[in-house]
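In what follows, a single structure is set out as structure tokens and then discussed.
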There are 2 protein chains.
Amino acid sequence: MTTKAKQKSPALPEDTAPGRRQLLAAGMKLFAKRGFAGVGLREIAAEAGVSLGLVRTHFGSKDGLRAAIDEHVLDEIKHLYATVIEHSGAEALGMAVEDALDWISRDQDALMYARMALMEKSPGSQALFDEILSIMRQFVDTNAKRGLLQPGVDREWAAIYLVFDFIGPAIVEPFAKSAFGKSMYSEPMIAARNAFMVRAFTRGFLKG
Amino acid sequence: MTTKAKQKSPALPEDTAPGRRQLLAAGMKLFAKRGFAGVGLREIAAEAGVSLGLVRTHFGSKDGLRAAIDEHVLDEIKHLYATVIEHSGAEALGMAVEDALDWISRDQDALMYARMALMEKSPGSQALFDEILSIMRQFVDTNAKRGLLQPGVDREWAAIYLVFDFIGPAIVEPFAKSAFGKSMYSEPMIAARNAFMVRAFTRGFLKG
DNA sequence: TTGGGGACTATACAAATGTATAGTCCTTGA
DNA sequence: TCAAGGACTATACATTTGTATAGTCCCCAA
């Protein structure tokens with residue numbers, strides 16, 4: 001619908017190549033599970049159903065593939081929280097969790113890839129962390145402007161704690177089945193988490 | 001001082017082999033930095049100042065080396081918190097941080113190795129997570145028995161949140177220099193963290 | 001004194017790795 | 001119609017990997 005668009009959808013080069021999308025998805029899935037160094041390009045190509053050489057065609061190298069996946073995941077996280085930071089109050093954090101659940105159901109491996117990226121210090125991982133921290137700082141600032149922050153609170157550390165709260169479940173997820181019998185992102189866990197979170201953030205949980 | 005101990009300190013076989021200790025230390029350091037699959041045995045042996053073959057002598061395989069390091073780090077964490085769980089109240093968490101600082105200064109790479117172990121789901125990592133969770137559950141129970149827990153608090157999620165608080169700084173550490181200009185375990189960061197933590201845990205930081 | 005065993009080294013080997021090269025197929029624009 | 005280019009495959013290559021084997025050195029008990 002923009003200008004006089006050519007008939008057969010020219011589309012971006014990324015979209016016209018099925019193999020490229022398959023490689024991105026396969027790389028995201030396998031890197032998330034076993035780390036960057038833990039997976040070979042042949043396995044990724046097999047998982048994607050394409051040949052080994054196609055990695056070079058589209059991404060140049062293994063590092064190029066990682067960079068492309070990093071970019072993709074970073075974009076998703078940006079979009080995920082684009083709306084959340086406009087809200088405020090402890091309930092908004094619950095909303096953030098709901099949005100994250102939507103995201104996970106849509107793009108299963110992206111969250112676990114982000115988890116891995118934060119662990120291995122790759123070029124893209126610093127950008128990922130900075131983005132998450134930036135989102136939480138904005139959330140704190142929004143709350144402060146609306147008078148929802150308790151007086152005297154260290155805003156920087158409030159933001160850092162929100163980062164912990166966002167990262168925490170993702171880090172713990174691989175151990176959750178064994179430790180709790182269910183996923184951190186299962187319905188009962190999310191409900192209990194939100195209840196605790198709202199309470200702890202507004203009143204704490206220990207007596208002074 | 002036990003029984004009639006032989007003269008020249010028979011010691012455990014682990015202690016009599018300098019190469020073994022060197023390999024453990026080198027493996028811990030390099031695995032922590034680049035992950036299990038990201039480091040080769042030759043590099044570890046070189047860092048340890050021993051030959052490649054010695055890994056096989058002492059640990060049998062690369063996985064054997066990891067298992068030995070896992071065990072070592074798990075023991076350290078157990079000892080670290082053996083005293084902490086006897087204390088209670090929000091201040092005890094500050095004490096825990098102080099103890100962790102001591103630990104870090106003594107065994108620099110152990111914390112970052114634990115961080116890596118939690119990320120890569122190895123056989124030992126589940127045990128590590130279970131231990132940390134267990135410690136936090138005990139802390140919550142101790143507080144509950146002494147009436148320091150606010151009424152109606154979800155104890156399980158309180159423990160989980162304490163896990164986040166313990167893991168969080170370690171996860172963030174590699175990005176801290178760039179994002180905050182200092183280590184998460186530097187003096188000013190620790191001080192600000194403790195202040196925020198005591199406040200947030202007892203009163204929260206958002207208005208209801 | 002001697003022989004057995006543990007700590008340790010040097011080297012060989014097959015498998016797996018990332019990368020490079022050559023080429024096929026098919027669409028598309030001049 | 002035809003050539004140019006992008007998506008894709010097949011295969012070769014040098015390097016690195018974990019593991020295995022053979023052997024040296026040295027302490028200590030018999």
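Letters A, B, ... mirror the listed sequences (proteins, then strands); counts begin at 1. Remember, it's a predicted structure, so these values are computed and weren't measured experimentally.
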Query - Any residue of residues 25-33 of chain B with a heavy atom less than 4.0 Å from an atom of DNA chain D - result: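 Going residue by residue through residues 25-33 of chain B, none turns out to have a heavy atom under 4.0 Å of DNA chain D.
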Query raised in the report: Contact class for A:V55 vs. all strands (heavy atom < 4.0 Å): base, sugar-phosphate, or nothing?
Result: nothing
Query raised in the report: With sugar-phosphate meaning primed atoms plus P, OP1 and OP2, does A:G53 contact a base, only sugar-phosphate, or nothing at under 4.0 Å between heavy atoms?
Result: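 Base, at least one base atom sits under 4.0 Å.
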Query raised in the report: Do A:T142 and A:Q138 get their side chains close enough for a donor-acceptor pair, meaning under 3.5 Å?
Result: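 No donor-acceptor contact under 3.5 Å links the two side chains.
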Query raised in the report: For B:E173 and B:S183, does a side-chain donor sit closer than 3.5 Å to a side-chain acceptor?
Result: yes
Query raised in the report: Can you tell me how far P of C:dC8 sits from CG of B:L23, to the nearest Å?
Result: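 Interatomic distance, CG of B:L23 to P of C:dC8: 8 Å.
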Requested in this report: Find the distance B:L54:CG to D:dC25:P and express it as a whole number of Å.
Outcome: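 These atoms are roughly 17 Å apart.
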Query - Summary of protein contacts for nucleotides 14-19 of chain D, nucleotide by nucleotide, where a base hit scores B, a sugar-phosphate-only hit scores S (4.0 Å, heavy atoms) - result: ---BBB
Query raised in the report: Is there a donor-acceptor contact under 3.5 Å from the side chain of A:S125 to the main chain of A:S122?
Result: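 A pair under 3.5 Å: yes.
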Report task. Flag the pair A:K33 and B:E120 as a salt bridge only when some basic side-chain nitrogen lies within less than 4.0 angstrom of an acidic carboxylate oxygen. Result ->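 Salt bridge absent between A:K33 and B:E120.
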Query raised in the report: Can a salt bridge be assigned to the pair B:R137 and B:E156 using a cut-off of 4.0 Å between side-chain N and carboxylate O?
Result: yes
Report task. Evaluate the side-chain proximity of B:V172 to A:I160: yes if any heavy-atom separation is below 4.5 Å, no if none is. Result ->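 Side-chain contact under 4.5 Å: no.
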Query raised in the report: Under the 6.0 Å and 45° cation-pi test, does A:K29 pair with A:Y113?
Result: no
Query raised in the report: So is B:R66 actually on top of B:F36's ring, under 6.0 Å and inside 45° of the axis?
Result: yes
Requested in this report: Establish, with yes or no, whether the OP1 or OP2 oxygen of D:dC8 is under 4.0 angstrom from a side-chain nitrogen or oxygen of A:H58.
Outcome: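 For D:dC8, OP1/OP2 do have a side-chain N/O of A:H58 under 4.0 Å.
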